[in-house]
Amino acid sequence: MPWTETSRTTAEANQDVPRRVILIGPPGAGKGTQTHTLATHLGVAHISTGDLFRRHVGGRTVLGERAQTFMVRGELVPNEITLATVRNRLAEGDAAGGFLLDGFPRTVEQAVFLQQLLRQSGTGIDAVLEMHVEEDEIVRRLAGRRTCRECGRSWHVEFDPPRAEGSCDACGGALAQRDDDREEAIRRRLDLYEQETRPLLDFFRERGLLVRIDARGPVAEVGERAISAVGTTDHSGRS
Ligand code: AP5
């Protein structure tokens, strides 16, 4: 099982935790870093649209080739591709009991699509966790990020280094810099976050679903904040 996919485990029988959770934050906020711990805590599947697209790119599929032309420039992959990818992934068995979505939705249009999709199965979004980090910290994080070519796990040359330089502790795969972690693409991704994703925060806030955490500081501390924040959400009245 790839590192980025988490099967239902510890919280499987726990009805008190939210089960359909969205993680939002700017590029480099640490979403991917926290998802494994958080998804395991919630006992739900971890679904990252960025990872799904990168797997297609690595597998040289038609979808991957199309997505890559947008990803390398830091642009959003068009909805025609993205919505079908998400619909198919949510239809897989491990997502039936819940999911932690990382990187989706990114626009109000995508959020409305998700709400409608979940409504068809009589469910809804339980909670939305916003990871807040300032821009100078984001740039430091992205500049030093190294990603495993095999399992997709992110490391950082300074803040979260692997034991052996260039090699993933989790699976032994080779580490590399992501194509979209170049300065120009980073700038475009940050601009798009402000233009397209920030309005989504109000969308979820108005529905009483948004909880914000301070995502600065050591990885473990941010993880504890995330777990405690989702525990405080009132998911009785689903959106
Ligand atoms: P995606 O993969 O979702 O990229 P992103 O949102 O830009 O987020 P990142 O993966 O860059 O950052 P992260 O928050 O996960 O940070 P990480 O944990 O790695 O999407 C990529 C592309 O796919 C998009 O640009 C778009 O083209 C396309 N796409 C995806 N979803 C789409 C959608 N819905 N619609 C259309 N297109 C879509 O951490 C970063 C670094 O910081 C790491 O090195 C890590 O080790 C380090 N770090 C993490 N936490 C800490 C900490 N607390 N202290 C110090 N260092 C830390």
Side-chain angles (χ1 to χ4, degrees), residues 3-4 22-38 46-57 63-64 66-87 89 100-111 113-114 129-134 136-148 151-162 168-170 175-182 184-194 196-197 200 213-226:
W3 181 87
T4 48
I22 293 167
L23 200 52
I24 294 189
K31 303 182 294 296
T33 301
Q34 296 299 338
T35 45
H36 183 66
T37 308
L38 194 53
H46 164 218
I47 300 174
S48 154
T49 39
D51 286 347
L52 289 173
F53 290 144
R54 278 186 288 276
R55 248 172 258 158
H56 275 282
V57 171
L63 190 155
R66 290 188 63 201
Q68 190 178 26
T69 60
F70 298 93
M71 292 171 78
V72 289
R73 298 199 305 262
E75 298 288 344
L76 293 183
V77 175
N79 274 346
E80 169 208 342
I81 300 173
T82 303
L83 302 186
T85 302
V86 169
R87 185 193 291 112
R89 181 61 187 87
L100 178 65
L101 271 177
D102 160 11
F104 186 92
R106 268 174 144 89
T107 65
V108 171
E109 195 183 345
Q110 291 184 356
F113 166 85
L114 180 64
L129 187 64
E130 179 200 352
M131 296 184 68
H132 178 72
V133 192
E134 270 99 25
D136 55 346
E137 174 70 7
I138 287 170
V139 172
R140 265 202 302 276
R141 289 186 184 183
L142 291 178
R145 171 162 62 186
R146 299 293 179 270
T147 304
C148 177
C151 71
R153 209 276 200 198
S154 284
W155 299 92
H156 193 282
V157 290
E158 186 185 345
F159 305 133
D160 188 17
C168 177
D169 285 358
L175 304 184
Q177 224 168 353
R178 263 171 48 175
D179 286 345
D180 57 351
D181 278 350
R182 290 168 301 103
E184 212 173 296
I186 290 174
R187 218 176 302 124
R188 183 66 187 134
R189 285 157 64 207
L190 288 170
D191 284 350
L192 272 174
Y193 183 79
E194 290 304 318
E196 301 284 350
T197 309
L200 194 54
I213 62 157
D214 180 355
R216 294 170 302 177
V219 170
E221 278 179 28
V222 176
E224 282 166 24
R225 272 178 233 143

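As the structure lists them, so they are numbered: ligands from 1, and atoms in each ligand from 1.
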- Mark the output for A29 as yes if a heavy-atom distance to ligand 1 is under 4.0 Å, and as no if none is. yes
- Message: Considering both backbone and side-chain atoms of T49, is one of its nitrogen or oxygen atoms within less than 3.5 Å of a nitrogen or oxygen in ligand 1?
- Response: yes
- Message: Give me the nearest non-hydrogen protein atom to atom 35 (N) of ligand 1 as residue plus atom name, then the distance to 0.1 Å.
- Response: Q110 NE2, 3.0 Å
- Item | S48 N/O under 3.5 Å from ligand 1 N/O | no
- How many angstroms lie between atom CD of Q177 and atom CZ of R146, to the nearest 0.5 angstrom? 4.5 Å
- Message: I'd like to know if E221 contacts ligand 1, where contact means a heavy-atom distance under 4.0 Å to any ligand atom.
- Response: no
- Say whether, by atom type as modelled, one donor and one acceptor occur between the side chain of Q34 and the main chain of V219 under 3.5 angstrom. yes
- Task: Using a strict 4.0 Å cut-off to heavy atoms of V219, name the atoms of ligand 1 that fall inside it.
- Result: 50 (N), 51 (C), 52 (C), 53 (N)
- Item | Residues E137 and R140 bridged, charged N to O under 4.0 Å | yes
- Message: A quick test of your reading: do over 12 heavy atoms of other residues, nucleotides or ligands sit less than 6.0 Å from CD of E109?
- Response: no
- Query: Which option, R225, E75, R189, owns the non-hydrogen atom nearest atom 7 (O) of ligand 1?
  - Reply: R189
- Query: Any N or O on G30 sitting closer than 3.5 Å to an N or O of ligand 1?
  - Reply: yes
- Query: What protein heavy atom is closest to atom 53 (N) of ligand 1, reported as residue, atom name and distance in Å?
  - Reply: G217 O, 2.7 Å
- For atom 37 (N) of ligand 1, what's the nearest protein heavy atom and its distance? V77 N, 2.9 Å
- Query: Which of the listed options, T82, T33, T107, holds the heavy atom that is closest to atom 49 (C) of ligand 1?
  - Reply: T33
- Message: As a check for students: among E158, R145, R178, R188, identify the option with a heavy atom nearest to atom 40 (C) of ligand 1.
- Response: R145
- If you have a sec, work out which protein heavy atom is nearest atom 50 (N) of ligand 1 and how many Å separate them, to one decimal? R141 NH1, 3.7 Å
- Query: Just distances here: any N/O of S154 and N/O of ligand 1 closer than 3.5 Å?
  - Reply: yes
- Closest non-hydrogen contact found for A170 with C151 is CB-SG, 4.5 Å
- Going through the distances and angles, do M71 and D179 end up as a side-chain contact (heavy atoms from CB on, under 4.5 Å)? CA-CA 8 Å; M71 292 171 78; D179 286 345; over 6 Å; no
- Are any of the N or O atoms of W155 closer than 3.5 Å to those of ligand 1? yes
- Task: With atom 5 (P) of ligand 1 as the reference point, say which of E109, Q34, R106 has the nearest heavy atom.
- Result: R106
- Query: Does some side-chain heavy atom of V77 sit less than 4.5 Å from a side-chain heavy atom of R106?
  - Reply: no
- Does any N or O atom in R146 lie less than 3.5 angstrom from one in ligand 1, N or O only? no
- Salt bridge flag under 4.0 Å for residues R225 and E221: yes
- Query: Closest approach of P105 and A111, non-hydrogen atoms and distance?
  - Reply: CB-N, 3.5 Å
- For atom 15 (O) of ligand 1, which candidate among G28, G25, G32 holds the nearest heavy atom? G32
- Message: Please report whether ligand 1 has a polar contact with K31, defined as an N or O pair separated by less than 3.5 Å (distance criterion only).
- Response: yes
- Item | Member of F70, F113, F104 meeting the side-chain contact (heavy atoms from CB on, under 4.5 Å) criterion with T82 | F104
- So, is F53 polar-close to ligand 1, with some N/O to N/O distance under 3.5 Å? no
- Query: Does ligand 1 have any atom that is closer than 4.0 Å to a heavy atom of R54?
  - Reply: yes
- Item | Nearest protein heavy atom with distance in Å, relative to atom 34 (N) of ligand 1 | G103 O, 2.8 Å
- Of D169, D160, T33, T147, the residue whose pairing with R153 passes side-chain hydrogen bond (donor to acceptor under 3.5 Å, both in side chains): D160
- Query: Just distances here: any N/O of F104 and N/O of ligand 1 closer than 3.5 Å?
  - Reply: no
- Message: Just to confirm my output: which protein heavy-atom neighbour is closest to atom 23 (O) of ligand 1, and how far is it?
- Response: M71 CE, 3.6 Å
- Element-labelled atoms of ligand 1 that are located less than 4.0 Å from some non-hydrogen atom of F159: 55 (C), 56 (N)
- Message: Does atom CZ (R216) have a neighbourhood of more than 12 heavy atoms from anything else shown, all under 6.0 Å?
- Response: no
- Message: Using a strict threshold of under 4.0 Å (side-chain N to carboxylate O), is an ion pair present between R189 and D181?
- Response: yes
- If you look at every heavy atom in L175 and C148, which pair is closest and at what distance? CD2-CA, 3.6 Å
- Task: Give a yes or no on whether E184 atom CD has more than 12 heavy-atom contacts from other residues, nucleotides or ligands under 6.0 Å away.
- Result: no
